[in-house]
There are 2 protein chains.
Amino acid sequence: MNQLRAQANGRPASSGIPEATVARLPVYLRALTALGESGLRTVSSEQLATAAGVNSAKLRKDLSYLGSYGTRGVGYDVEYLRYQIAREIGVNQDWAVVIVGIGNLGQALSNYGGFRSRGFRIVALVDGDASRVGEMHGDLAIAHIDELDRLVVERGCSIGVIATPGDAAQAVADRLVAAGVTSILNFAPAVLTVPEGVDVRKVDLSIELQILAYHEQRKRTPGADREGLPSEQVVES
Amino acid sequence: MNQLRAQANGRPASSGIPEATVARLPVYLRALTALGESGLRTVSSEQLATAAGVNSAKLRKDLSYLGSYGTRGVGYDVEYLRYQIAREIGVNQDWAVVIVGIGNLGQALSNYGGFRSRGFRIVALVDGDASRVGEMHGDLAIAHIDELDRLVVERGCSIGVIATPGDAAQAVADRLVAAGVTSILNFAPAVLTVPEGVDVRKVDLSIELQILAYHEQRKRTPGADREGLPSEQVVES
DNA sequence: TCGATTTTGTTCTCACGTTCACAAGCTCTT
DNA sequence: AAGAGCTTGTGAACGTGAGAACAAAATCGA
Ligand SMILES: NC(=O)c1ccc[n+]([C@@H]2O[C@H](COP(=O)([O-])OP(=O)(O)OC[C@H]3O[C@@H](n4cnc5c(N)ncnc54)[C@H](O)[C@@H]3O)[C@@H](O)[C@H]2O)c1
Ligand SMILES: NC(=O)c1ccc[n+]([C@@H]2O[C@H](COP(=O)([O-])OP(=O)(O)OC[C@H]3O[C@@H](n4cnc5c(N)ncnc54)[C@H](O)[C@@H]3O)[C@@H](O)[C@H]2O)c1
């Protein structure tokens with residue numbers, strides 16, 4: 001309901017949500033969706049925290065950045081909270097996404113149905129290989145990268161996904177930015193340089209495995225450390 | 001100050017590498033490999049930091065956890081530092097990996113050649129769908145999940161990758177753990193519960209997109225916040 | 001109506017991570 | 001041999017995040 005209440009209330013003024021909290025909101029959103037589908041109407045911070053795999057104090061603090069959407073002694077209305085988080089993240093509207101590099105990974109992404117239900121619609125597939133142009137994936141045909149500008153503008157893409165080899169990634173990023181894309185998800189093992197105002201997030205599977213390997217190696221070395229071995233759970237960073 | 005770190009002189013302090021540093025070591029490793037291939041013998045913290053996309057002070061502090069491998073006034077020997085980081089992470093040896101769930105994503109992962117060169121060898125593909133058993137991917141055949149125990153033991157897997165739908169993920173994780181896997185990389189949108197001593201890292205592409213969407217939405221809202229807009233670069237979390 | 005009970009929202013403290021700034025230490029030139 | 005010029009390694013300041021603890025607010029039963 002009242003979307004103006006935030007200001008009057010002394011809320012963190014819509015701007016000040018910590019990055020760590022932003023990264024957890026989608027997790028809460030998913031947990032709420034699952035709980036809602038199971039028929040639950042109201043949820044306590046303890047229940048929701050368990051479902052999301054976090055500490056309940058942390059959950060409450062995270063939610064408090066959005067506003068006071070709970071009821072003391074009762075908990076949170078599942079559907080209402082779900083809506084508020086979705087609105088805050090911006091997944092009530094649909095975001096148009098272009099994928100560049102339709103190889104192994106690009107194809108997997110384009111075939112994935114889970115994005116649509118979460119507010120993202122893949123509206124263009126682009127590749128540098130001319131011999132692949134026209135190939136259909138679902139109801140989208142692969143276009144040549146020279147069409148990128150036109151497609152981004154015509155279809156209103158603000159998010160671009162890079163799934164090319166690493167040595168092409170910077171050039172692709174430059175073209176995406178030139179075309180007007182202001183958010184990039186990069187799967188290529190490369191450090192991207194982009195102008196201010198453009199957000200880049202990277203997903204690097206080799207790095208994830210290497211981090212696991214580091215801890216795995218630690219478990220193997222018999223002594224040498226590890227006095228009071230703690231939780232050992234490694235989740236996100 | 002810290003009375004344990006002393007240990008002797010500049011010992012790597014074996015146990016105490018901060019998690020944030022561990023997550024960056026693979027990035028340095030990749031940058032060093034690239035610099036080495038381009039013929040560079042020696043590199044300064046400033047150069048390497050630029051190549052890795054981090055602050056040079058942070059780089060030096062990170063490296064200092066491994067030991068004193070640089071030379072003041074000169075920099076770091078590229079090959080020597082590369083070796084030291086690889087040894088610290090544990091990617092000198094090969095790690096055997098099993099992938100569970102050979103759908104869109106599982107296939108992309110199994111076809112990907114970049115893992116082998118970074119210390120990981122995919123040694124088993126497992127799926128729950130009996131009709132897929134025997135299907136070849138590269139030189140590996142898909143096995144049924146009931147073979148998981150045997151395969152993990154026979155082929156010495158310590159790392160498991162989950163690429164099944166979300167509702168199967170917990171059951172798969174349980175089976176992996178029961179088979180002896182102690183590190184899990186989870187692509188399914190689900191919160192996993194595992195025993196102490198088992199590491200879980202999750203890669204959630206929907207969440208990455210949602211984080212981008214959040215910031216994208218912020219850029220759109222004209223006023224309401226953003227007085228002194230800062231770097232705006234979002235890299236990892 | 002009042003007190004018991006529940007659960008939120010927030011405060012406080014501690015731990016962790018980042019960045020600055022600079023002394024220590026190395027090389028090279030004179 | 002000594003000083004100039006770099007670059008590392010680290011102490012210290014600062015900022016962000018996590019978690020414990022508790023007061024404030026709501027419901028419920030008597
Ligand atoms: N496949 C995986 O499981 C996996 C795992 C980890 C990392 N990655 C990374 O993801 C990226 C993609 O991996 P992949 O396995 O899909 O690679 P791939 O080689 O199968 O596909 C790359 C695609 O990009 C296209 N391409 C190349 N240069 C281009 C350019 N300049 N502009 C546009 N398109 C171009 C190619 O034509 C090809 O279709 C790589 O950087 C890889 O390192 C992939
Ligand atoms: N494909 C993508 O680009 C993408 C993107 C984001 C997230 N994900 C997530 O990654 C996971 C895999 O995605 P996908 O597109 O490859 O799905 P998919 O449906 O193509 O493949 C899933 C595979 O898992 C197998 N499977 C199902 N239940 C199993 C069980 N109990 N034991 C063993 N195997 C089982 C199925 O037989 C199938 O082969 C999903 O959780 C999905 O949400 C995928």
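So that the names make sense, note that chain A is the first sequence line, chain B the second, and so on, each numbered from 1. Since we're looking at a predicted model, the values are computed, not measured.
- Spacing between atom CD of B:Glu46 and atom P of D:dC6 amounts to 14 Å, rounded to whole angstrom units.
- Between B:Asn55 and C:dC20, a side-chain N or O to OP1/OP2 separation shorter than 4.0 Å is present.
- A salt bridge is absent between B:Arg60 and B:Glu46; no separation between the charged side-chain nitrogens and carboxylate oxygens falls under 4.0 Å.
- Taking the side chain as every heavy atom from C-beta outward, B:Val78 and B:Leu48 never approach each other to under 4.5 Å.
- Taking a 4.0 Å limit (strictly below) on heavy-atom distances, residues 72-84 of chain B reaches DNA chain D at B:Arg72, B:Gly73, B:Val74, B:Gly75, B:Tyr76.
- To the nearest angstrom, P of C:dG17 lies 12 Å from CD1 of B:Ile17.
- A side chain to side chain contact (heavy atoms under 4.5 Å, CB included) with B:Asn186 is found for one member of B:Val172, B:Asp204, B:Leu192 and no other, namely B:Leu192.
- Rounded to a whole Å, the OH atom of B:Tyr65 is 11 Å from the P atom of C:dC16.
- A:Ala20 comes within 4.0 angstrom of sugar-phosphate atoms only, judged by non-hydrogen atoms across all strands, and of no base.
- Toward the 5' end of DNA chain C, the nearer of the two residues A:Leu63 and B:Ala57, judged by each one's closest nucleotide, is A:Leu63.
- Listed pair A:Thr71 / D:dA26 fails the phosphate criterion, with no side-chain N or O lying under 4.0 Å from OP1 or OP2.
- A:Phe115 CZ: more than 12 foreign heavy atoms inside a 6.0 Å radius.
- Phosphate proximity of D:dG11 to B:Arg60: absent, as no side-chain N or O sits under 4.0 Å from OP1 or OP2.
- Remark: the A:Lys61 side chain and the C:dT10 base include no donor-acceptor N/O pair separated by less than 3.5 Å.
- Residue B:Lys58 places its side chain closer to C:dT18 than to any other of C:dT11, C:dT18, C:dC20.
- There is no side-chain donor-acceptor pair under 3.5 Å between B:Ser206 and A:Arg30.
- Distance CD (B:Glu19) to C1' (C:dA15): 15 Å, rounded to an integer number of Å.
- Checked by atom type, the side-chain pair B:Gln84/B:Arg87 shows a donor-acceptor distance below 3.5 Å.
- For A:Asp62 and C:dT10, the CG to P distance is 13 Å, given to the nearest whole Å.
- Remark: P of C:dC20 and CG of B:Leu59 are 14 Å apart, rounded to the nearest angstrom.
- If you measure from atom CZ of B:Arg24 to atom P of C:dC16, you get 15 Å, rounded to the nearest angstrom.
- Of the side-chain N and O atoms in A:Ser68, one or more sit less than 4.0 angstrom from OP1 or OP2 of C:dG9.
- Using modelled atom types, one finds no donor on one side chain facing an acceptor on the other under 3.5 Å when comparing B:Ser183 with B:Asp199.
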